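All remarks here apply to the structure that follows.
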Amino acid sequence: MIVVATVGKDVMSMGSAPISDLFYPRAYYFDATITSSLKGKPFPTPNIPIFARRIEKNSQPLSIHDGDKVILFLKKPTANEPGRWQAVDAWFGVTPYSAGLEAALSGKLDFIVH
């Protein structure tokens with residue numbers, strides 16, 4: 001499932017063990033408002049809870065904020081957290097919004113040669 005969404009209020013980040021001196025897999029919990037579905041079936045409701053991990057630099061402030069427009073690569077909720085969708089991985093599961101990426105993922109780029 002790939003969607004364009006706006007990050008809702010109450011973004012919560014929890015610590016995690018560092019994977020190196022520089023990088024840190026931060027865990028995020030937030031609600032997202034789906035604005036469009038790029039791949040997969042449309043959601044029955046536009047607001048969904050999300051769990052995501054992001055690999056970030058230890059010294060950097062949090063990278064996900066209330067109101068951010070993002071592209072989410074999601075997998076279905078697990079039995080451990082029913083109803084909470086999860087990002088597919090810590091590298092690109094939550095990606096900052098880009099009109100070019102949205103066009104590429106939805107197949108709307110007409111200059112790509114097959």
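Here the structure is a predicted model, which means the values were calculated and not measured.
Summarising the geometry, atom CD1 belonging to I34 is positioned 6.0 Å from atom CG belonging to L72; distances are rounded to the nearest 0.5 Å. Here the straight-line distance linking atom CZ of F73 with atom CE of M1 works out to 13.0 Å at 0.5 Å rounding. To the nearest 0.5 Å, atoms CD1 (I71) and CG (L105) are separated by 5.5 Å.
The closest side-chain heavy-atom distance from W85 to K76 is below 4.5 Å. At least one side-chain heavy atom of L38 sits less than 4.5 Å from a side-chain heavy atom of V4. Looking at heavy atoms from C-beta onward, I50 lies out of side-chain contact with Q86 at the 4.5 angstrom threshold. Annotation: side chain of I2 is not in contact with side chain of L74 (no heavy-atom distance under 4.5 Å). The shortest distance between side-chain heavy atoms of V94 and Y28 does not fall below 4.5 Å.
By the ring-ring contact (aromatic ring centres under 6.0 Å, His included) test, F30 pairs with no residue at all, sequence neighbours left out. For S98, the side-chain contact (heavy atoms from CB on, under 4.5 Å) partners are L101, not counting sequence neighbours. Under the rule for a side chain to side chain donor-acceptor pair (under 3.5 Å), the partners of T33 that lie at least two apart in sequence or sit in another chain are N47. Partners of Y97 under the ring-ring contact (aromatic ring centres under 6.0 Å, His included) rule, at least two apart in sequence or in another chain, do not exist in this structure. With sequence neighbours left out, the side-chain contact (heavy atoms from CB on, under 4.5 Å) criterion links D68 to V7, H65, V70. Under the side-chain contact (heavy atoms from CB on, under 4.5 Å) criterion, P49 pairs with D31, R84, not counting sequence neighbours.
When all heavy atoms of A87 and A52 are compared, the pair lying nearest together is CB-CB, 3.7 Å. In terms of heavy-atom proximity, D66 sits nearest to G8 at OD1-O, 3.1 Å.
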Practice task
Mind running side-chain contact (heavy atoms from CB on, under 4.5 Å) on S106 and K39 for me, showing each step along the way?
Solution key: CA-CA 7 Å; S106 61; K39 300 284 182 188; over 6 Å; no
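Taking the six-membered ring where tryptophan is involved, the planes of F51 and Y29 are tilted, since the angle between them lies from 30° to 60°.
Under a 3.5 Å cut-off, the side chain of T6 and the backbone N or O of K69 do not form any donor-acceptor pair.
Residue pairs meeting the salt bridge (Lys or Arg N to Asp or Glu O under 4.0 Å) criterion with at least one member in residues 85-99: none, sequence neighbours excluded.
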